[in-house]
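Residues take their numbers from the sequence shown, with the count starting at 1.
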Amino acid sequence: QVQLVESGGGLVQAGDSLRLSCVASGRTVSTRIMGWFRQAPGQERDFVAAHSSSTNTTYYANSLEGRFAVSRGNTTNTMYLQMHSLEPEDAAVYYCAASTNVRDISRAADYIHWGQGTQVTVSS
């Protein structure tokens, strides 16, 4: 079993920064790929960023690279998402996901394990 718990969400104003965390427990082989997705009400779950521990490679949605940065912790099975210059369009529930392998790192359906999400609200 793999458990994922997100934290760090909240209400911020446009232009602010926020740092999300995801802590994974269980079999580390199942968290070789860890990613962030977000979903607004009535919308599909969209890819934000991901990291592959086997290649130490990061991936970003085209519209987010430069404002968002994903990283992995060393001593614990933890993933972070540093968000900068937040906009109202960034408001959503942010989910942490993990899997041993994925065919498409940006496809939510390819991930096996999911957290419950953390709400990010951005006001003007």
Item checked: Joint hydrophobic cluster, Val122 plus Leu18, side-chain heavy atoms closer than 4.5 Å -> yes
Checklist line | Interatomic distance, Cys22 atom SG to Leu81 atom CG [nearest 0.5 angstrom] | finding: 10.5 Å
Next item on the list: Determine the interplanar angle of the Phe68 and Tyr94 rings, folded into 0 to 90°, and report it as parallel if under 30°, tilted if 30 to 60°, perpendicular if over 60°.
Entry: tilted
Note to self: If you count every heavy atom of other residues, nucleotides or ligands that lies below 6.0 Å from Asp104 atom CG, does the total exceed 12?
What the structure shows: yes
Note to self: Is there a path of hydrophobic side-chain contacts, each under 4.5 Å between heavy atoms, that joins Tyr111 and Tyr80?
What the structure shows: no
Note to self: With rounding to the nearest 0.5 angstrom, report the CD1 to NE2 distance, Ile105 to His51.
What the structure shows: 9.0 Å
Notebook entry, point to check: Looking only at heavy atoms, what is the nearest atom pair of Ser106 and Phe37, with distance?
Noted result: O-CE2, 3.6 Å
Checklist line | Backbone N/O of Gly117 and side chain of Glu6: donor-acceptor pair under 3.5 Å | finding: yes
Notebook entry, point to check: Could you walk me through whether Leu64 and Arg38 pass the side chain to side chain contact (heavy atoms under 4.5 Å, CB included) check?
Noted result: CA-CA 12 Å; Leu64 301 179; Arg38 66 185 185 183; 3.9 Å; yes
Notebook entry, point to check: Are any non-hydrogen side-chain atoms of Tyr59 and Phe47 less than 4.5 angstrom apart?
Noted result: yes
Margin query: Using modelled atom types and a 3.5 Å cut-off, is there a donor and acceptor pairing between side-chain atoms of Gln39 and backbone atoms of Ala92?
Written below: no
Notebook entry, point to check: If you look at every heavy atom in Arg67 and Ser85, which pair is closest and at what distance?
Noted result: NH1-O, 3.1 Å
Note to self: Starting from Val48, can I reach Ile33 by hopping between I/L/V/M/F/W/Y residues whose side chains sit under 4.5 Å apart?
What the structure shows: no
Next item on the list: Considering non-hydrogen atoms only, spot the tightest contact between Leu4 and Ala98 and give its length.
Entry: CD1-N, 3.8 Å
Check: More than 12 non-hydrogen atoms from neighbouring residues, nucleotides or ligands closer than 6.0 Å to CD on Gln119, yes or no?
Finding: yes
Notebook entry, point to check: Taking all non-hydrogen atoms of both residues, which atom of Arg72 and which atom of Asn77 are closest, and how far apart?
Noted result: NH2-OD1, 3.4 Å
Margin query: Using the rule given for side chain to side chain contact (heavy atoms under 4.5 Å, CB included), can you reason through Leu20 versus Val120, listing the C-alpha separation, both sets of side-chain angles and the distance that settles it, and then say yes or no?
Written below: CA-CA 9 Å; Leu20 306 182; Val120 173; 4.2 Å; yes
Margin query: If you apply the rule side chain to side chain contact (heavy atoms under 4.5 Å, CB included), what do you find for Trp114 with Cys96, and how did you get there?
Written below: CA-CA 6 Å; Trp114 289 87; Cys96 174; over 6 Å; no
Note to self: Is it the case that the side chain of Tyr60 and the backbone of Val70 share a donor-acceptor pair, with hydrogens and angles ignored and the cut-off at 3.5 Å?
What the structure shows: yes
Note to self: I need the Met79 CE to Met34 CE distance, nearest 0.5 Å.
What the structure shows: 4.5 Å
Check: Heavy-atom distance under 4.5 Å between the side chains of Ser99 and Asp110, does that happen here?
Finding: no
Notebook entry, point to check: Which atom pair, heavy atoms only, marks the closest approach of Thr31 to Ala24?
Noted result: CG2-CB, 4.0 Å
Notebook entry, point to check: If every non-hydrogen atom of Val2 is compared with every non-hydrogen atom of Ser30, which pair is closest and at what distance?
Noted result: CG2-CB, 3.5 Å
